[in-house]
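Note that the coordinates shown come from a computational prediction; the quantities given were computed from them, not determined experimentally. Numbered from 1 within each chain, the chains take letters A, B, ... in sequence-line order.
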Amino acid sequence: MEMTGAQMVIEAMKLEGVDTVFGYPGGAIMNVYDELYKQSDFRHILTRHEQAAVHAAEGYARATGKVGVAFVTSGPGFTNAVTGLATAYMDSIPLVVISGQVPITLIGTDAFQEIDATGISRSCTKHNYLVRSAKELPRILKEAFYLASSGRPGPVHIDIPKDVTAELAKFDYPTHVDLPTYRPTTKGNVRQIKKAAEAICSAKRPVFYLGGGIIHSGSADLVREFVNATQIPAVETLMARGTLRHDDPMLLGMVGMHGTYQANMAMSEADLMIALGPRFDDRVTGKLSEFAKHAKIIHVDIDPSSIGKLVDVDYPIVGDLKEVLEVMIPKVKEHVDPDRYQPWRDILKRYNEIHPLKYEDSEKVIKPQWVIERVGELLGEDAVISTDVGQHQMWTAQFYPFSFPRQFVTSGGLGTMGFGFPAAMGVKRARPDKVSVNFTGDGSILMNIQELVTAVESRLPVINIILNNHYLGMVRQWQTFFYEKRYAETDLSFQPDFVRLAEACGGVGYRVETKDEFDEALKDAVEKGVVAMIDVIVDRNENVLPMVPSGGTLYNMMLEFKD
Amino acid sequence: MKVERRIISVVVQNEHSVLARITGLFAARGYNIETLTVAPIPDSDMSRLTIETRGNVRVIEQIIKQLHKLIPTFKVIEHEEMIEKEMVMMKFPINESLSNIQALCEAYNGGIANVSSQHIITMVADEPKRVRHFIEAAQRFHPVEIVRGGVVAMERE
């Protein structure tokens, strides 16, 4: 069947089962929007900034594992979307982002709203395309969805010149993709898996190092089974939160810069590290030469370049985590004796008794950690939690009782402020059955505040909880610790009235200064199902602890800070 | 870790901006490109790049893995034993001894490529090390211009 390039884009969305596109129209992508107007198979959500469109698509993808889709126009429309692409790239989130481009005849002439989009997105996408003719479009669209979601997932960008969206060509949508240059290894090497299984059974102080790959590969159930069968303690990275239930006795908590004492000590004293889909990020490892000095390392990852990148690995296993675990778990179960690790578990338990994750609650002022725990008590498994970036993000990772994978949506690798609110809109669209909560800070929320309008208009009731300390808190904390309290440009005392700001956009605002007020506000927002802005005035000087200073060693944590 | 020189050949799908993907990768991750040669492979839709690079073992391993990871990459070839050749062209003033220059070029697998009223142009293709020696030896003929071609290489077996 013949159709225009623009029609092909819409058809491909239907065939890929896309139910939501986030985006923002503009000159170069108008043909696509014209076709979008004529269809009713999927919903388009008009954000108020292209960055938010991509973050919303990310929120959708992170909450479901499906490919998130965003449409933007050429030039500034595309450059605004770049932060979203980079955020998704760092966290391996499957996205297809389609941008308009000036007509082929104008490319290279510095035309109005022209930018070398594929040149810019090359370093922050898994792959990208500049479409030369409508003939190529069916293949490229099919490949884009396949590349985004297979192997190590990631964002794919398609740049389509305006004349290509108007061009007629035959539409024959491929049923499968065969790329001779792209064949991800999914089956792990069986001999290597066997050796790893033996190492697990003969270790004395093993620890699971659980990473984001578990979430991407949908293997959390298998990991739970593995941990339960072996009774080996486990640490989670930021991206792996929710893999194990918060009350799993084997869970030592989050690892790394703001990880728990027992988690970081387990990494430091282990004789075997079973790394399932993490990437040995510097926020986890601290100083590399001191990292896991006594441990042999098993590393399972679908991306070979992740293995051995920063740390030498003794048992490298390239493959899809799910497929690898399906082979590895039975092999371990045959020989493992969970009692063998009892002395090790006792040591770690003792560490946790000495230095548990804690904060000092107060009746005079609300502590940010209390707010997170309270939301956990009131909403627990009924909420999917998004965050922005900063202190509130770390407190959420530390204190929220996560119960299932994809319950926590956060920008880990890139650390993008302004991510949370639009992501929480995508979450709400993907999981209407859940309460979509965005923990944010008074700094972060203003970086995509215009999305109040989107959320209200598109009926995406997101509950924003601002942990408002009138500071750019995380930077302020570093200035306190490492810059002798020279608070350069981190005092955010001058702020909008968040309540009235929410109201101006059609949402509901609450200002909260006591615990009772917070309970009332949250209950009211949940009951009414409104776009909410709960502005919680919290202790200005609270710090995220414990902390491994940047470049420090995991076993040398800052546990307290006394002025 | 010891820094070593490596030759890596990459076979890639001939498509829009594939060279930029490869050079961009080296630039973004701070890897070195000492020389780079590219040409299409006859009767195929592939091109072959030969990259001369330097780095320690971990860096070289990452380069190879990262090259593999690029979607248009078909094959990454690196081998302990590569047969390498490099080409160099040199331009000399006409008043230098033509026969001496010719003898030198022949000793290094080359010859005179062109003679004009002002200049002699020579061409030599040999192992990279021998090309370096040739350039050193040719200095006494006061070359006015040197163009090196970058390494091409093949596995021995």
Inset, instruction - Return yes if some donor-acceptor pair links the side-chain N/O of B/Lys65 with the main-chain N/O of A/Ile307 below 3.5 Å, else return no. - result: yes

Legend entry - Which of B/Met46, B/Glu15, B/His68, B/Gln66 touches chain A most, by non-hydrogen pairs under 4.5 Å: B/Gln66

Legend entry - Engaged part of A/Asp303 at the chain B interface, taking heavy atoms whose separation is under 4.5 Å: side chain

Inset, instruction - Heavy-atom distances under 4.5 Å only: say whether A/Arg183 touches chain B with side chain, backbone, both or neither. - result: neither

Inset, instruction - Say whether, by atom type as modelled, one donor and one acceptor occur between the side chain of A/Thr181 and the main chain of B/Ile71 under 3.5 angstrom. - result: yes

Legend entry - Minimum-distance pair of heavy atoms, taken over all atoms of A/Leu310 and B/Arg58: O-NH1, 3.3 Å

Inset, instruction - Heavy atoms only, distances under 4.5 angstrom: which of A/Asn128, A/Leu130, A/Leu179 has the most pairs with chain B? Name it, please. - result: A/Asn128

Legend entry - Residue pair B/Ala20 / A/Arg122: nearest heavy atoms and the distance that separates them: CB-NH1, 3.2 Å

Inset, instruction - Kindly compute the distance separating NZ (A/Lys309) from CD (B/Glu61), expressed to the nearest 0.5 Å. - result: 12.5 Å

Inset, instruction - Below 4.5 Å from any heavy atom of chain B, which atoms of A/Leu147 appear? Answer side chain, backbone, both or neither. - result: side chain

Legend entry - Structural part of B/Arg21 lying under 4.5 Å from a heavy atom of chain A: both

Legend entry - Nearest-0.5 Å distance, OH of residue A/Tyr182 to CG of residue B/Leu70: 12.5 Å

Legend entry - Under 4.5 Å from a heavy atom of chain A, the part of B/Ala28 involved: neither

